[in-house]
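The next block holds one structure in the form of structure tokens; read it before the comments.
Values below: every heavy atom of this structure, side chains too, minus hydrogens, waters and symmetry copies. Just so it is clear: chains get the letters A, B, ... in the order the sequence lines come, proteins before strands, and each one is counted from 1.
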2 protein chains.
Amino acid sequence: MATIYEVSKLAGVSLATVSRVLNNNTPVKEETRLKVLAAMEELGYQPNSVAQSLASNRSNSIGILVPELNGPFFGTLLSDIENSFRQAGKHVIIAAGHSDEKLEKESISFLQSRNCDALILHVEAVTDEYLVELMEKKVKFVLINRFVPQLYDRCITLNNQHGGYLATRHMLEHGHQNIGYISGPIWKHDAEQRYKGHLRALTEFGIPHSEQLFYEGDYHEESGALGTKALLQKASEITAIVCANDEMAAGALTAARELGRSLPDGLSIIGFDNVNFSHYTFPKLTTINYPMGEMGKMAAQLILKRVYQQNNSSIQTVFEPHLIERDSVSRP
Amino acid sequence: MATIYEVSKLAGVSLATVSRVLNNNTPVKEETRLKVLAAMEELGYQPNSVAQSLASNRSNSIGILVPELNGPFFGTLLSDIENSFRQAGKHVIIAAGHSDEKLEKESISFLQSRNCDALILHVEAVTDEYLVELMEKKVKFVLINRFVPQLYDRCITLNNQHGGYLATRHMLEHGHQNIGYISGPIWKHDAEQRYKGHLRALTEFGIPHSEQLFYEGDYHEESGALGTKALLQKASEITAIVCANDEMAAGALTAARELGRSLPDGLSIIGFDNVNFSHYTFPKLTTINYPMGEMGKMAAQLILKRVYQQNNSSIQTVFEPHLIERDSVSRP
DNA sequence: TAGTATGATGTAAGCGCTTTCATTTGTAAC
DNA sequence: GTTACAAATGAAAGCGCTTACATCATACTA
């Protein structure tokens, strides 16, 4: 592999000049620029990014930490983030935190040890305090799907409460009065907010809330099935179930069918997230859209702007969910 | 951030010694080692990986190129690869090639410019010759889901033909005689092989093959629906459809229902891949398992062994698919 | 014509490590 | 107490770049 030195010799200029045309940050006479470019071309020169990083104290790499790499959820996020950075000549290093505090912390220091210029974190287990400390240590990062007051200007979030509200309102507008709710782990911020939205819709329609109608799941399919069975046993008058995510909704669909309910007439079900498989279910799942891709793009823009001083588009930090109507909800 | 120099001063030894305890590659007296470790601890020293890379000509990073980051397919692959490397202290840089020749080539040189020690490629559009040239240029890489004779010892593949055979045989064993086939783009190697397996099973059971029963899709849901409609129109006696992947099978399920066929009695359908959503369909999809995760792990092992001289476990290059029986196949 | 900005280029000092080679220290044999 | 050899350590030269600073030519002013 040719080095900058060989290019400079061939072009008959100094190292510094080659570096200047490479980085395009200091004026170089057009004539010299062309000579240098020709020399690069001739040698098939490719700058060594490691050396560039060491000298400039910039790695041009961004670390991404998500709970899981598999599963239906994070593909879009990663895809859109990678795309944005790729266009800007940056690259992406990935790690999975598995919603575990220790693993999340390890992953963060792993990414730091890789000299990432910035991190995009989708963390769940780590405390707010930890994140604030991280900020105080001058670590550059953006939070996705989590709001920490002290970090307000680097949080890209979904209005989860509004999403929960929309889901339940949709059921209420269809005339349902007995609505079961299958929640995610309530210690997770998004689960809590979605549930709050649910309660708000109920209040707005003057429907009292009952403990009987609540089930706390774990966001996985199985708990959706379990929850459905539990709810329907406790309160068979239920005509609709709001699930805090699509996976649990899929489980609910299966369980309802097993219990002999026809769908959607015998039981209406709504999900949340609009993951890639949600229209493969039968009936196709009505759900709340989570604009993961958009949010990923925005996180990338934010970093491009703040860390690399590229890009001046304005930054949006809160995204609004919306209803996706398909076939799993009808009148009772 | 503390540097190796500060550690050496604090410990009262030379740079070289600190480097030695860090890399553990040259004997160091236990007493000195402890002094050095204590100094590192005290300063919270973290080696600068960029400097390490430059000096050692090793980046400890592996580039992964897959067709898509989203979609149900590559999450598991990435997840298992990341995991394996993480444990070995390496990290993973990702890129998407979108099954496009130009993009695939760009991505490869992008990853190379990032000084990856090795690449794991899941490419589709690039030619065999290109890959052979890459090898001749001494680029270290492993191919996933693609077999190139000259590169036989660095190809991790699935026995796609056997998979296709298993799928069709399953239908035949259930007594189906008129079996439609919805293929992937036949220029793709895996699509071709799966189809060959289908034909082999047919031959084995003495069933003649007819053009009427073949439809070439594009591996996406919609073409599964289109294909089903086309096949059922051309040959309404069809009682089973073999689909070359799960997404098309999902489309087939929907289309069959729209056409008034009951499932699976009125039409049996089988998929291929066993992607994450395949048990969310209704009826739950019978399919052929694709051990993506295993294959990813193996690719990582291969690189760990050949490039980093770690790990001595034996390498398996061909993986066998197997049948996953669920609810979408019955007797005609 | 000398004096002074201005733009273009060169010089050289790092960035934080690894690694070769030379040197010192410790140990055992005589 | 020498000598011989192995083990442990240190000195210093890079790895391929960026960038502060110095230098040089050119063009303009007075």
Next on the checklist: Is the phosphate of D:dT18 approached by A:Ser19 (side-chain N or O, under 4.0 Å from OP1 or OP2)?
Outcome noted: yes
Item to check | Distance, rounded to the nearest Å, where B:Tyr45 contributes OH and C:dG16 contributes C1' | outcome: 7 Å
Checklist entry - When the nearest nucleotide of DNA chain C is assigned to B:Leu22 and to A:Val13 on a heavy-atom basis, which residue is associated with the more 5' position? => result A:Val13
Checklist entry - Distance-only, no hydrogens or angles: does the B:Asp117 side chain make a donor-acceptor pair with backbone N or O of B:Ser59 under 3.5 Å? => result yes
Checklist entry - Rounded to the Å, how far apart are B:Leu15 CG and C:dT20 C1'? => result 15 Å
Next on the checklist: Expressed as a whole number of angstroms, how long is the span from B:Lys35:NZ to D:dT9:P?
Outcome noted: 8 Å
Checklist entry - If you find the nucleotide of DNA chain D closest to B:Gly12 and the one closest to B:Ala55, which residue's nucleotide is nearer the 5' end? => result B:Gly12
Checklist entry - Distance from B:Met292 atom CE to B:Leu77 atom CG, nearest 0.5 Å? => result 5.0 Å
Item to check | Proximal nucleotide (of C:dT9, C:dG16, D:dC17) relative to the A:Ile4 side chain | outcome: D:dC17
Next on the checklist: How many whole angstroms separate atom CZ of A:Arg58 from atom P of C:dG14?
Outcome noted: 22 Å
Next on the checklist: Using whole Å, what does the distance between atom P of nucleotide D:dC17 and atom CG of A:Asn57 come to?
Outcome noted: 17 Å
Checklist entry - Over how many whole Å does the gap from A:Asn25 atom CG to C:dG7 atom C1' extend? => result 15 Å
Next on the checklist: Would the distance check show the side chain of B:Asp273 and the main-chain N or O of B:Val275 forming a donor-acceptor pair, the cut-off being under 3.5 Å?
Outcome noted: no
Next on the checklist: Using the rule given for side-chain contact (heavy atoms from CB on, under 4.5 Å), can you reason through A:Thr317 versus A:Thr157, listing the C-alpha separation, both sets of side-chain angles and the distance that settles it, and then say yes or no?
Outcome noted: CA-CA 6 Å; A:Thr317 55; A:Thr157 55; 5.8 Å; no
Next on the checklist: On the nucleotide C:dG16, are OP1 or OP2 found under 4.0 Å from the side-chain N or O atoms that B:Gln52 carries?
Outcome noted: no
Next on the checklist: So if I take every side-chain heavy atom of B:Asn48 and compare against C:dC17, D:dG10, D:dC15, which nucleotide ends up nearest?
Outcome noted: C:dC17
Checklist entry - About how many Å separate CG of B:Asn60 and NZ of B:Lys90, when rounded to the nearest 0.5 Å? => result 4.0 Å
Checklist entry - Which heavy-atom pair separates B:Arg146 from B:Val123 by the least distance, and what is that distance? => result NH1-O, 3.6 Å
Checklist entry - If only side-chain N and O atoms of B:Ser14 are considered, is one of them under 4.0 Å from the OP1 or OP2 phosphate oxygen of D:dG10? => result yes
Checklist entry - Counting side-chain heavy atoms from CB outward, which of C:dT9, D:dT18, D:dA11 is closest to A:Ser56? => result D:dT18
Checklist outcome for this item: Per atom distances to the A:Arg20 side chain, the nearest of D:dA20, D:dT18, D:dG10 is D:dA20
Next on the checklist: It should be established whether A:Tyr5 places a side-chain nitrogen or oxygen under 4.0 Å from OP1 or OP2 of nucleotide C:dA12.
Outcome noted: no
Item to check | Interatomic distance where NZ belongs to A:Lys9 and P belongs to C:dT9 [whole Å] | outcome: 21 Å
Checklist entry - Between atom CG in A:Leu54 and atom C1' in D:dT18, what is the gap in whole Å? => result 10 Å
Next on the checklist: Would you say A:Thr17 places a side-chain N or O within less than 4.0 Å of OP1 or OP2 belonging to C:dG10?
Outcome noted: yes
Checklist entry - Base, sugar-phosphate, or nothing for A:Thr32, non-hydrogen atoms under 4.0 angstrom? => result sugar-phosphate
Checklist entry - Under 4.0 angstrom, heavy atoms only, what part of the nucleic acid is A:Val50 near: base, sugar-phosphate, or nothing? => result nothing
Next on the checklist: With a 4.0 Å limit, can you tell me whether A:Asn23 has a side-chain N or O closer than that to the phosphate oxygens OP1/OP2 of D:dT18?
Outcome noted: yes
